[in-house]
Chemist: 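Quick one: the structure is below, and I'll ask about it shortly.
One-based numbering along the sequence shown. Order of listing sets the numbers, starting from 1, for every ligand and every atom in it.
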Amino acid sequence: MAVTIKSAREIELMREAGRLLEIVHDEMGRIIKPGISTWEINECGDKMIRKLGCVPNFLNYGGFPAAICVSVNEEVVHGIPRREHILKEGDIVSLDAGLIYKGYHSDAARTHRVGRVSEEVQKLLDVTKQSFFEGIKMARPGNHLHDISNAIDDYVSSFGFGIVEDLVGHGIGTKLHEDPQVPNFRQKKKGMKLIPGMTLAVEPMINMGSKDVVWLEDQWTVITKDHKPSAHYENTILITDGEPELLTLH
Ligand code: MG
């Protein structure tokens with residue numbers, strides 16, 4: 001599949017898809033506290049997406065049974081929200097959400113603290129978020145796709161955390177997952193040249209311990225092999241003539 005370059009009209013629709021998704025994330029972020037279930041977070045996000053006149057793009061995607069991926073502690077991504085999974089003080093919870101607005105997708109993830117977390121866990125959250133910003137410093141025309149990957153790797157590796165390699169970022173547009181793939185770890189090849197009008201979901205998934213992950217029996221939930229915590233941070237971005245535009249963060 002070819003990489004799509006969005007027209008001015010398409011960019012406007014993706015901007016709106018991104019702006020609305022940020023509202024959904026803010027709403028979900030507000031209810032995070034010890035004692036709530038991961039299902040309640042899903043319901044909150046699902047309702048907000050529909051209230052905004054949009055459709056959750058993760059629901060039924062490849063059979064995923066919920067609107068929001070809710071991944072706790074050692075769960076890296078694609079955690080299935082459950083009524084019986086209650087958050088407790090000191091947990092971290094990654095919320096990956098996406099929506100469709102007039103045929104265009106947005107995709108973003110945030111990792112939240114539940115109450116107070118250890119210093120070590122806070123460092124993981126900070127480094128994961130900052131690695132996204134280090135990566136997108138390279139997201140400019142004239143640079144190559146893998147300049148983003150290498151910048152994320154350089155930053156994260158300096159802290160000794162593990163970068164998940166089995167899952168990567170992606171192009172996004174009229175489909176949730178479009179070409180190209182956007183790895184978060186060092187690449188031998190340069191990758192394609194970045195061109196204004198490309199829209200990418202850049203999403204470092206960073207483990208406190210080793211980079212290795214395994215899939216649970218439910219076929220969805222990805223956890224760290226060493227059961228140490230993992231964090232996720234993602235925004236949908238637009239390549240412009242200069243600095244990238246963040247479509248899901250204002
Ligand atoms: Mg994504």
Side-chain angles (χ1 to χ4, degrees), residues 1 3-4 6 13-15 17-25 28-29 41-42 45-46 49 54-71 75-81 93-101 103-112 128-129 131-136 139 145-146 148-149 152 156 163-185 191 194 198-207 213 215 219-223 230-239 244-249:
M1 192 175 79
V3 172
T4 57
K6 275 72 178 183
L13 294 170
M14 291 205 60
R15 268 194 192 113
R19 188 185 73 81
L20 296 172
L21 183 56
E22 196 178 358
I23 295 170
V24 175
H25 264 297
M28 291 190 294
I41 301 169
N42 172 70
D46 192 357
I49 290 169
C54 301
V55 177
N57 48 12
F58 296 171
L59 182 62
N60 298 323
Y61 185 93
F64 190 75
I68 313 293
C69 297
V70 185
S71 309
E75 296 174 353
V76 179
V77 287
H78 306 163
I80 299 173
V93 59
S94 300
L95 307 181
D96 194 353
L99 59 77
I100 310 169
Y101 170 76
Y104 285 81
H105 291 253
S106 54
D107 187 3
R110 307 280 182 259
T111 301
H112 296 272
T128 302
K129 183 173 180 180
S131 73
F132 165 85
F133 290 98
E134 295 298 323
I136 66 157
L145 182 68
H146 294 163
I148 301 173
S149 314
I152 293 171
V156 173
I163 303 169
V164 175
E165 296 183 359
D166 295 272
L167 299 135
V168 295
H170 50 93
I172 180 167
T174 54
K175 297 197 184 75
L176 174 58
H177 294 116
E178 296 187 352
D179 278 344
Q181 294 201 338
V182 187
N184 301 301
F185 57 101
L194 297 173
M198 288 173 63
T199 43
L200 304 172
V202 178
E203 51 174 322
M205 288 152 263
I206 309 300
N207 298 346
V213 298
W215 269 255
Q219 306 285 330
W220 280 108
T221 315
V222 180
I223 66 163
S230 182
H232 187 198
Y233 187 81
E234 173 183 32
N235 285 298
T236 299
I237 69 164
L238 167 71
I239 305 297
E245 184 178 331
L246 302 182
L247 301 181
T248 51
L249 181 70

Chemist: Return the orientation label for the Phe133 and Tyr233 ring planes: parallel under 30°, perpendicular over 60°, tilted otherwise.
Modeler: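 Rings of Phe133 and Tyr233: tilted, as their planes differ by 30° to 60°.
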Chemist: Not counting sequence neighbours, which residues clear salt bridge (charged side-chain N to carboxylate O under 4.0 Å, His left out) with Glu22? List them please.
Modeler: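 Applying salt bridge (charged side-chain N to carboxylate O under 4.0 Å, His left out) to Glu22 gives none.
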Chemist: Please report the interatomic distance OG(Ser106) to CE(Met14), rounded to the nearest 0.5 Å.
Modeler: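 CE of Met14 is found 7.5 Å from OG of Ser106.
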Chemist: Roughly how far, to the nearest 0.5 Å, is the CD atom of Glu234 from the OG atom of Ser94?
Modeler: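 Reported value, rounded in 0.5 Å steps: 11.0 Å.
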Chemist: Leaving out waters, which are not shown anyway, how many protein N, O or S atoms lie closer than 2.8 Å to the Mg ion (ligand 1)?
Modeler: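 Atoms of protein N, O or S type lying less than 2.8 Å from the Mg ion (ligand 1) total 4.
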Chemist: Scan side-chain atoms only and decide if Asn235 and Thr248 contain a donor-acceptor pair under the 3.5 Å cut-off.
Modeler: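 Asn235 vs Thr248: donor-acceptor pair found between side chains.
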Chemist: If every non-hydrogen atom of Val168 is compared with every non-hydrogen atom of Glu203, which pair is closest and at what distance?
Modeler: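 Minimum heavy-atom contact is O-OE2, 3.6 Å.
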